[in-house]
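Remarks on the structure that follows.
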Amino acid sequence: AFTVITGDLTDTWRADEIRRFKDLREELMTPCYVVGGNHDVTFDPKPEHIASWKRTFPEAPLPYSFERGPFTFIGFDSQVYNSKRKARAVDDIADRQWRKLVTLVKRARKGGKRIFLFAHIPAIPSFFRQKVKASWETPYLEPYLRLLKDQGVEASLTGHLHRDELYIRGSTLLLNA
């Protein structure tokens with residue numbers, strides 16, 4: 001057993017909130033894998049936000065992967081791909097993370113693993129009856145959806161919406177919880 005937390009580990013990324021999250025995580029009886037959300041690295045992350053994440057959670061260098069039996073789980077930073085990001089200073093970081101994400105997915109596929117991705121923001125062009133503007137309307141949306149299809153990714157797990165929603169795109173489950 002293990003736990004995956006898909007972002008918003010804190011409300012405002014204050015030191016006391018980070019400490020409280022880490023204390024709570026220590027109480028879990030299972031390994032815990034995390035990715036950042038908009039409350040952690042903001043909708044418009046700058047290099048200093050990403051550096052702060054790396055210092056605070058060195059065990060979660062986004063993107064990263066872990067395996068459990070026939071499964072590979074890959075966590076990545078969806079904040080650098082969202083449409084609210086204006087900071088161009090992270091373009092190179094986003095590109096490097098994208099290349100590493102693709103490498104991790106292809107490596108898992110080549111190894112015959114079943115692939116599950118986890119991030120904060122769902123990559124759904126239009127969700128919840130179009131009441132919420134899609135956050136992934138960026139140059140990364142179509143390549144990401146193609147990656148899911150071409151590499152046979154079984155599921156994408158996200159959490160940004162604060163409600164349970166399930167979509168199916170091709171053969172990939174897009175689960176937000």
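Because the structure is a prediction, the values reported are computed rather than measured.
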Side chain to side chain donor-acceptor pair (under 3.5 Å) between Thr158 and Thr6: does it pass, once the steps are laid out?
CA-CA 6 Å; Thr158 55; Thr6 58; over 6 Å; no
Given 3.5 Å as the limit, does a donor-acceptor pair link the side chain of Gln79 with the main chain of Thr42, or not?
yes
Between atom CG of Leu161 and atom CG of Asn176, what is the distance when rounded to the nearest 0.5 Å?
4.0 Å
For Thr172 and Val153, indicate whether the former's side chain and the latter's backbone hold a donor-acceptor pair under 3.5 Å.
yes
Over 60° means perpendicular and under 30° means parallel, so classify the ring planes of Phe73 and Phe66, tilted if in between.
parallel
Is the shortest side-chain heavy-atom distance between Leu157 and Leu117 below 4.5 Å?
no
When rounded to the nearest 0.5 angstrom, what is the spacing between CG in Asp11 and CZ in Arg20?
14.0 Å
Mind checking whether Phe43 and His49 have ring centres under 6.0 Å apart?
no
A side-chain contact here means heavy atoms from C-beta on lying under 4.5 Å apart; do Leu173 and Ser156 qualify?
no
Using 30° and 60° as the class boundaries, would you call the ring planes of Trp13 and Trp53 parallel, tilted or perpendicular?
parallel
Does the Asp40 side chain pair with the main chain of Thr10, one donor and one acceptor, at a distance under 3.5 Å?
yes
Taking atom NZ of Lys46 as the centre, report whether more than 12 heavy atoms of other residues, nucleotides or ligands fall under 6.0 Å from it.
yes
Should we say atom NZ of Lys22 is surrounded by more than 12 heavy atoms from elsewhere, each under 6.0 Å from it?
yes
Kindly say whether Gln151 contributes a backbone atom to a donor-acceptor pair with the side chain of Arg109 at under 3.5 angstrom?
yes
In the structure I gave you, are the side-chain heavy atoms of Trp98 and Leu147 within less than 4.5 Å of one another anywhere?
yes
Where the side chain of His39 meets the backbone of Thr12, is there a donor-acceptor pair that is under 3.5 Å apart?
no
